[in-house]
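Pasting a structure below so you can have a look.
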Number of protein chains: 2
Amino acid sequence: MTAPKLHRSLIQNMEMFRALSDDELDRTLEHAQPRRLLPGDAVYRQGELAGYFFILLHGTLKVVQATAEGEQVVVRFVSPGDVFGIARMMRRPDYPATVLAVQESLVLAWPSSEWERMVAANPQLTGNALQTVGQRLQSAHSRIRELSTEEVEQRVARAILRLLDQSGRTSDEGRIEIDFPITRQDIAEMTGTTLHTVSRILSLWKERGIVENARKRVIVLQPDELIRYAEGAQGSRHPEPA
Amino acid sequence: MTAPKLHRSLIQNMEMFRALSDDELDRTLEHAQPRRLLPGDAVYRQGELAGYFFILLHGTLKVVQATAEGEQVVVRFVSPGDVFGIARMMRRPDYPATVLAVQESLVLAWPSSEWERMVAANPQLTGNALQTVGQRLQSAHSRIRELSTEEVEQRVARAILRLLDQSGRTSDEGRIEIDFPITRQDIAEMTGTTLHTVSRILSLWKERGIVENARKRVIVLQPDELIRYAEGAQGSRHPEPA
DNA sequence: CGTGAATTTGACTTTCCTCAAATGGTGTGG
DNA sequence: CCACACCATTTGAGGAAAGTCAAATTCACG
């Protein structure tokens with residue numbers, strides 16, 4: 001009774017496993033379990049013991065942290081190829097956040113204990129993990145800088161540009177769309193504002209022909225204009241007097 | 001002509017070098033250069049090539065990031081025993097921030113290239129670094145959560161409590177003081193507000209007997225009250241009607 | 001179709017920033 | 001040792017940005 005075969009092509013191009021030999025990739029996959037998720041399903045929840053770590057193969061996930069008062073903050077969205085749930089690699093016993101599927105998704109799960117074996121066989125894995133965490137620290141500091149010094153419109157522009165960069169799908173005539181369902185509330189939780197303010201900003205941008213809005217979708221018509229806002233152009237919320 | 005001897009007791013109790021043998025500690029120290037800093041001196045500046053990494057032996061440093069518009073954000077304060085400047089360990093070529101002495105300080109500097117040798121001899125070092133960076137990521141996320149969901153007074157309370165925890169000096173009768181010079185501007189740059197607002201908040205707290213203020217100093221008389229504010233008690237900025 | 005979630009929009013309020021000015025403390029050079 | 005210059009801090013007044021509260025509207029899905 002063998003588990004269904006997972007071919008190494010699934011993971012061989014992933015950042016974290018770069019430079020692993022074919023043999024080692026195969027050995028690694030022997031301990032991986034695939035899990036399918038439907039929209040809204042949780043991979044794990046904040047506070048649980050970090051028994052597994054994961055790679056996303058397909059779909060999109062949302063990492064959220066809840067505050068003591070029950071509000072939420074979106075930490076990041078996970079794209080295919082990303083590792084997540086690596087608390088134990090940092091010697092943390094529990095998961096610091098909850099991970100939810102926003103689309104149908106497919107992940108590979110490894111028992112956290114497997115990490116030790118993998119590292120023993122492949123010392124540069126720790127270095128890869130360190131690089132990954134270092135990049136996340138970087139982008140967390142960027143967010144802190146933005147939340148500290150920029151206004152809401154600017155932060156929303158940045159957030160959308162970042163999402164386009166990470167998961168943008170180009171359709172006809174330069175229209176770029178965020179390739180997964182995302183609500184105004186989500187954007188608010190990424191930028192430290194309210195869904196009302198996000199809605200107002202998107203409405204304004206629509207009037208100016210910069211975006212098109214739909215339910216759980218954002219379509220950008222003029223990315224260059226968005227870049228201008230992100231870099232601090234005054235949105236001049238109040239139309240100037242004639 | 002030998003370099004001045006550095007004894008291993010200087011670094012043997014430090015988180016990053018835990019579990020290194022005495023021999024290895026000695027070997028490590030052979031490549032370390034001590035540097036003395038006066039208040040205001042920079043250890044390195046944002047954007048420089050990350051040629052060295054460091055441990056702080058004595059004093060206090062401030063890590064700051066400048067925005068494109070010239071504003072500043074305080075990333076963290078460095079206390080004795082902390083490692084910093086570890087960009088290269090994360091495979092980043094340059095320093096992402098500037099580090100300034102806020103007091104007379106003493107650091108040990110290693111050429112970044114030394115890291116390779118040390119890791120080769122002591123594989124668990126990478127794990128230690130991963131843990132350290134993981135903790136910083138954690139606390140960056142806490143800050144994002146706070147900036148996104150809390151009001152200024154609450155954030156200032158938290159910032160001060162964190163500083164007390166990190167560098168509090170207890171004097172007589174439960175008075176705790178932040179053990180290095182810190183300005184209202186610094187606190188503002190830690191919490192995403194202005195020095196004016198920080199000043200107003202501290203003045204209010206003084207009226208209520210929670211703190212005592214002096215130039216470049218914060219003395220806390222009632223830490224428990226501060227904890228209440230940090231956890232969301234309404235400061236009720238406007239005194240209630242009689 | 002109807003039901004509920006997502007979104008939009010308006011009116012009002014609050015928080016906090018900006019601008020301005022005065023005050024207070026420190027260390028330094030004469 | 002004192003005076004002055006500079007930095008840090010305080011405080012006030014006014015205004016702007018964004019939150020809150022409330023309600024209507026739209027849309028997708030069952």
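Computed from a prediction, not measured in an experiment: that's the story for all the values here. Each chain gets a letter, A, B and so on, in the order the sequences are listed, and its residues count up from 1.
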Do the side-chain N or O atoms of A/Ser203 get closer than 4.0 angstrom to the phosphate oxygens (OP1, OP2) of C/dT9? yes
A/Leu202 CG - C/dA6 C1' separation (whole Å): 13 Å
Separation of C/dC17 P from B/Gln185 CD (nearest whole Å): 12 Å
Hey, does B/Thr183 reach any base, or is it just sugar-phosphate, or nothing, if we go heavy atoms under 4.0 Å? sugar-phosphate
Could you check whether A/Arg35 makes a cation-pi contact with A/Tyr52, meaning its NZ or CZ is under 6.0 Å from the centre of the six-membered ring and within 45° of the ring axis? yes
Between C/dT7 atom C1' and A/Arg217 atom CZ, what is the distance in whole Å? 16 Å
Using whole Å, report how far CZ of A/Arg200 lies from C1' of C/dC12. 11 Å
Whether A/Arg215 contacts D/dA28 is assessed here as follows: a side-chain N or O lying under 4.0 Å from the phosphate OP1 or OP2. Is that the case? no
From CH2 of B/Trp205 over to P of D/dT10, roughly how many Å is that when rounded to an integer? 13 Å
Qualifying residue for side chain to side chain contact (heavy atoms under 4.5 Å, CB included) with A/Phe77, from A/Val63, A/Val102, A/Asp82, A/Leu61: A/Val102
Measure from CG on A/Asn213 to P on D/dA28 and round the result to the nearest Å. 13 Å
Ignoring hydrogens and geometry beyond distance, is a side-chain donor-acceptor pair present between A/Glu153 and A/Trp205 at under 3.5 Å? yes
Below 4.0 Å: OP1/OP2 of C/dA6 and any side-chain N or O of A/Arg184: no
So does B/Thr193 get a side-chain nitrogen or oxygen closer than 4.0 Å to the phosphate oxygens (OP1/OP2) of C/dC17? yes
Should B/Thr197 be listed as having a side-chain N or O under 4.0 Å from OP1 or OP2 of C/dC17? yes
For residues A/Thr194 and A/Thr197, is any side-chain donor paired with an opposing acceptor at under 3.5 Å? yes
How close or far is atom P of C/dT18 from atom CD of B/Glu71, stated in whole angstroms? 8 Å
Rounding to an integer number of Å, can you tell me how far B/His196 NE2 sits from D/dT10 C1'? 10 Å
Could you walk me through whether B/Leu56 and B/Ser105 satisfy the side-chain contact (heavy atoms from CB on, under 4.5 Å) test, starting with their C-alpha distance in whole Å, then the side-chain angles of each, then the deciding distance to 0.1 Å, before giving a yes or no? CA-CA 8 Å; B/Leu56 179 63; B/Ser105 299; 4.1 Å; yes
